[in-house]
Structure formats: C-alpha cells, structure tokens
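Reading through the structure tokens given below for one structure.
A quick note: this is a predicted structure, and the numbers were derived from the prediction, not measured.
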Amino acid sequence: MSDTDVDKYKDMLDMPHHVSTRHAPLSMEQRAAQFLPFQPLTGYEDVIREAGRLTESDVSLTEDEKDSLDFTLDTALENGACVHVRFFEPDSKKEGGAMRDFEGVPVRVDDAGNIVFSDGTKIPVSAVRALEEV
C-alpha cells in the first residue's frame, strides 16, 4: 500500500471491529461452508474429460473393397443370411469417430442409402468398412 492509500482510510484504522448483536459468530467450519457451492470454473472438468476422449480416424475404401462389400451385401440380402458389419460412426462432438460392430439380418437398402436390418437398425452403406456373412 502506498502512503496515499493509507491516508484515504486513516480515519478507519483505529476503529474497533464490528461484532453483531443479532447474530452469533460463525465457527470456522460454518464460514468455510458458505463458500463450498461456489465453483468459478463450472463445467471445466467436463471440458477436460471431453478433450481427453480419443476418437479414431475414418478409413477410406478402395473401389475393389467397395465392390466386394456390395457383392457380399447383395448375396446376404438374397439369402437372408446373418452378417457381421463393421462400420464407422462419426463423433457428434469432435472430429473423428469410432468403429462399431453389429450383427444382424439385412432386409433391404432404403432410399436414403441405409441398410435396414430385421430388428429395425439402420446403418448407412457409406459408413460400412467390412461386411461378412456369419
């Protein structure tokens, strides 16, 4: 503190500390508890957790691999066979995504380009990275 700051408050320096006549003084625990709900960085832990969550990069298929997938899908649709599908699911919050696995009986490919399975699950054909009959 500079001398000018001390001069501003010189009249208060010798005053006695105020003690309330209405309220009993709080214990140290009670005083500390008043400030517990205060979190200046609300949501910070969630941001750190989200930043640390890993995602995978999508893998591109060659034309030959796409043709092979189309053939396997067509065969499974004709035979009503159960297939194991490995597909890429983009992450809704950050770049990348995750590879997912699914097993089921494909029924048809809808107008939106999704493989529709007997249980109602839909997987975009463009997301499929591997397909094999089980």
Tell me every residue that passes side-chain hydrogen bond (donor to acceptor under 3.5 Å, both in side chains) with Asp74, counting only those two or more places apart in sequence or in another chain.
none

Set of side chain to side chain contact (heavy atoms under 4.5 Å, CB included) partners for Lys10, sequence neighbours left out:
Asp7

Does Pro106 reach the side chain of Val83, with side-chain heavy atoms less than 4.5 Å apart?
yes

List in chain and number order the residues that pass salt bridge (charged side-chain N to carboxylate O under 4.0 Å, His left out) with Glu63, two or more places apart in sequence or in another chain; answer none if no residue qualifies.
Lys66

Arg49: partners by side-chain hydrogen bond (donor to acceptor under 3.5 Å, both in side chains), with sequence neighbours left out:
Asp46

Check salt bridge (charged side-chain N to carboxylate O under 4.0 Å, His left out) between Asp11 and all other residues, then give those that pass, not counting sequence neighbours.
none

For residues 122-134, which side-chain donor-acceptor pairs fall under 3.5 Å, sequence neighbours excluded?
from   : atom 1 : to     : atom 2 : distance (Å)
Arg129 : NE     : Asp58  : OD1    : 3.0
Arg129 : NE     : Val59  : O      : 2.9
Arg129 : NH1    : Ser126 : O      : 2.7
Arg129 : NH1    : Ala127 : O      : 3.3
Arg129 : NH2    : Asp58  : OD1    : 3.1
Arg129 : NH2    : Asp58  : OD2    : 2.9
Arg129 : NH2    : Ser126 : O      : 3.4

What about Leu69 and Val109, same hydrophobic cluster or not, with Ile/Leu/Val/Met/Phe/Trp/Tyr joined at side-chain heavy-atom distances under 4.5 Å?
yes

Pairs in or reaching into residues 95-107: which pass salt bridge (Lys or Arg N to Asp or Glu O under 4.0 Å), with residues at least two apart or in two chains?
Arg86-Asp101, Glu89-Arg100

side-chain hydrogen bond (donor to acceptor under 3.5 Å, both in side chains) filter on Thr121, not counting sequence neighbours, yields Asp119

Scan residues 40-88 for pairs that pass ring-ring contact (aromatic ring centres under 6.0 Å, His included), counting only residues two or more places apart or in two chains.
none

Mind checking side-chain hydrogen bond (donor to acceptor under 3.5 Å, both in side chains) for Asn79 and listing every partner two or more places apart, or none if nothing turns up?
none

ring-ring contact (aromatic ring centres under 6.0 Å, His included) partners of Phe102, counting only residues at least two apart
Phe117

Sequence neighbours left out, what passes side chain to side chain contact (heavy atoms under 4.5 Å, CB included) with Ala112? Give chain and number order.
Asp110, Asn114

For Gln34 and Leu26 the tightest heavy-atom approach is NE2-CD1, 3.2 Å

Kindly indicate, with the supporting measurements, whether the criterion side chain to side chain contact (heavy atoms under 4.5 Å, CB included) is fulfilled by Val6 and Leu13.
CA-CA 9 Å; Val6 173; Leu13 289 176; 4.2 Å; yes

Without swapping roles, check the side chain of Glu78 against the backbone of Thr75 for a donor-acceptor pair under 3.5 Å.
no

Is there side-chain contact between Ile115 and Leu73, with heavy atoms separated by less than 4.5 Å?
yes

May I ask you to decide if Ser27's main-chain N or O and Gln30's side chain share a donor-acceptor pair within less than 3.5 Å?
yes

Nearest 0.5 Å please: distance from the CZ atom of Arg53 over to the CG atom of Asp91.
4.0 Å

